Visitor: 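Following this message is one structure expressed as C-alpha cells.
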Amino acid sequence: MSAREWPDLAGRIEGQTHILPVRVYYEDTDFSGIVYHANYLRFAERGRSDFLRVVGISHTELFDGEDPLAFAIHRMEIDFVKPARIDELLEVHTRYTRAGGARLEAEQVIYRQAAGELDPIWRAKVFAAVIDLKGRPRRMPAEVRDALKTYVQPAVQ
C-alpha cells in the first residue's frame with residue numbers, strides 16, 4: 001500500500017505544511033518520563049521524510065537510480081522550548097523553504113496537542129545537501145525540485 005492510499009500513516013499536507021502526528025511512547029523517554037532530547041531529531045526526520053514521500057519523492061528510488069543520490073543533513077539550528085512526556089500527542093510540522101542547486105532547507109516545529117490547542121515545544125531550521133555515494137554535492141534532480149516547487153515557501157524572518 002502506498003503513502004497515498006494510507007495517508008494517515010505518512011501524515012498530511014495542509015497548504016504548504018506537512019503535519020505528522022506522533023504519540024510519545026515509553027521508548028521515547030528517559031528515566032524521568034520526559035522525551036530524550038535526541039528523539040526529537042527522530043520525530044523531525046520522520047516529518048521531513050514523510051513530507052517527501054507524500055509528494056512522491058522516494059529516498060529508495062533516488063539511491064537506487066542510475067546516479068545514486070541521497071540527502072545529508074549538514075547543519076541544524078535547534079531550540080528545545082518545553083519538554084514532552086510519555087503518552088502525549090505531538091504534531092511535527094514541516095515546511096520546506098528552499099529547494100535548488102544542491103540544497104534543501106526546512107523549518108520544523110513540534111507541537112504538543114493539549115485541550116484542542118497546539119503548544120510549540122521544539123523548533124529547528126534544517127540544512128541538507130544532495131550528495132552522491134562519495135559524499136560530494138550534486139544538483140538536485142529536476143523531478144525532486146518540481147515535486148517540491150508548489151510547497152516551498154520563503155523562510156519567516
Side-chain angles (χ1 to χ4, degrees), residues 1-63 69-100 103-131 140 143-157:
M1 207 176 264
S2 77
R4 293 171 198 256
E5 294 168 343
W6 196 5
D8 55 329
L9 181 62
R12 66 189 185 281
I13 294 179
E14 293 183 6
Q16 294 172 310
T17 301
H18 177 265
I19 301 169
L20 180 67
V22 173
R23 180 181 303 279
V24 176
Y25 292 100
Y26 181 80
E27 68 182 11
D28 299 318
T29 63
D30 62 17
F31 68 93
S32 68
I34 291 175
V35 170
Y36 181 67
H37 71 279
N39 286 333
Y40 292 97
L41 298 174
R42 296 173 66 197
F43 300 156
E45 173 63 36
R46 292 174 196 163
R48 291 189 309 276
S49 291
D50 278 338
F51 189 129
L52 297 176
R53 183 174 287 111
V54 168
V55 301
I57 299 168
S58 165
H59 287 290
T60 304
E61 289 175 14
L62 282 173
F63 194 76
L69 298 173
F71 295 105
I73 303 302
H74 68 89
R75 186 168 136 232
M76 291 182 83
E77 297 172 9
I78 301 170
D79 291 314
F80 294 89
V81 181
K82 298 176 186 175
R85 293 179 170 75
I86 193 165
D87 291 331
E88 290 185 327
L89 299 176
L90 309 177
E91 285 187 1
V92 180
H93 288 221
T94 303
R95 288 185 319 111
Y96 282 103
T97 57
R98 181 175 180 174
R103 297 172 122 188
L104 185 59
E105 297 176 8
E107 289 183 350
Q108 294 186 279
V109 180
I110 298 177
Y111 294 93
R112 175 186 7 255
Q113 294 181 13
E117 298 291 321
L118 294 177
D119 184 23
I121 62 170
W122 186 91
R123 289 186 176 89
K125 289 185 181 180
V126 183
F127 303 86
V130 179
I131 60 169
M140 185 174 303
E143 62 271 15
V144 172
R145 199 174 49 253
D146 291 345
L148 288 172
K149 70 181 172 188
T150 303
Y151 304 102
V152 173
Q153 68 182 36
V156 177
Q157 300 300 322

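Here the structure is a predicted model, which is why all the values come from computation and not from measurement.
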Visitor: From Leu9 CG over to Leu20 CG, what is the distance, rounded to the nearest 0.5 angstrom?
Guide: 8.5 Å
Visitor: Roughly how far, to the nearest 0.5 Å, is CZ of Arg98 from CZ of Arg103?
Guide: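 The distance works out to 4.5 Å.
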Visitor: At what distance, to the nearest 0.5 angstrom, does CG of Leu104 lie from CD1 of Ile57?
Guide: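 Rounded to the nearest 0.5 Å, the CG-CD1 separation comes out at 8.0 Å.
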Visitor: For Glu61, does the CD atom have more than 12 heavy-atom neighbours from other residues, nucleotides or ligands under 6.0 Å away?
Guide: no
Visitor: Out of curiosity, Asp30 CG to Asn39 CG, how far, rounded to the nearest 0.5 Å?
Guide: 9.5 Å
Visitor: Over all heavy atoms of both residues, which pair between Val35 and Arg85 is shortest? Give the atoms and the distance, please.
Guide: CG2-N, 4.4 Å
Visitor: Looking at residues at least two apart in the chain, or sitting in another chain, which of them share a side chain to side chain donor-acceptor pair (under 3.5 Å) with Thr150?
Guide: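 Side chain to side chain donor-acceptor pair (under 3.5 Å) list for Thr150, sorted by chain: empty.
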Visitor: What is the minimum heavy-atom distance between Ala99 and Leu148, and which atoms define it?
Guide: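 Residues Ala99 and Leu148, closest heavy atoms: CB-CD1, 4.0 Å.
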Visitor: Do the non-hydrogen side-chain atoms of Asp50 and Thr94 ever get within less than 4.5 Å of each other?
Guide: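 Side-chain contact under 4.5 Å: no.
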Visitor: Quick one: does any side-chain atom of Thr29 pair with a main-chain N or O of Tyr26 as donor and acceptor, under 3.5 Å?
Guide: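 The answer is yes, because a donor-acceptor pair under 3.5 Å joins these two groups.
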Visitor: So how far is it from His93 NE2 to Glu107 CD, rounded to the nearest 0.5 Å?
Guide: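 Rounded to the nearest 0.5 Å, the NE2-CD separation comes to 13.5 Å.
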Visitor: Can you give me the closest heavy-atom contact between Gln108 and Arg48, atom names plus distance?
Guide: OE1-NH1, 2.7 Å
Visitor: If the plane angle is over 60° it's perpendicular, under 30° parallel, otherwise tilted; pick one for Phe127 and His74.
Guide: tilted
Visitor: Do Tyr40 and Val92 come close enough that some side-chain heavy atom pair is under 4.5 Å?
Guide: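 A side-chain contact is absent here, since even the closest heavy-atom pair is not under 4.5 Å.
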Visitor: Provide the closest heavy-atom pair for Asp87 versus Arg23 in the form atom of the first, atom of the second, distance.
Guide: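 Scanning both residues, the minimum pair turns out to be O-NH1, 3.7 Å.
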Visitor: Using a 6.0 Å cut-off, check whether atom CZ of Phe63 has over 12 heavy atoms from anything other than its own residue.
Guide: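 Result for CZ/Phe63: open.
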Visitor: Output the distance between atom CG (Asp28) and atom CZ (Arg42), rounded to the nearest 0.5 Å.
Guide: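 Answer rounded to 0.5 Å: 6.5 Å.
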Visitor: Write out all pairs satisfying ring-ring contact (aromatic ring centres under 6.0 Å, His included) with one or both partners inside residues 43-62, taking only residues at least two apart or from two chains.
Guide: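 Passing the test, one end in residues 43-62: His18-Phe51, Phe51-Tyr96, Phe51-Tyr151, His59-Phe71.
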Visitor: Output a table of donor-acceptor pairs, distance under 3.5 Å, between side-chain atoms of residues 109-118 and any protein atom two or more places apart or on a different chain; print 'none' if there are none.
Guide:
from: Arg112; atom 1: NH1; to: Pro83; atom 2: O; distance (Å): 2.7
from: Arg112; atom 1: NH1; to: Glu88; atom 2: OE1; distance (Å): 2.9
from: Arg112; atom 1: NH1; to: Glu88; atom 2: OE2; distance (Å): 3.4
from: Arg112; atom 1: NH2; to: Pro83; atom 2: O; distance (Å): 3.4
from: Gln113; atom 1: NE2; to: Glu91; atom 2: OE2; distance (Å): 2.9

Visitor: Grab the two heavy atoms, one from Gly100 and one from Met140, that are nearest each other, plus how far apart they are.
Guide: N-CE, 3.8 Å
Visitor: Quick one: closest heavy-atom pair of Pro21 and Gly11, and the distance?
Guide: CD-CA, 4.3 Å
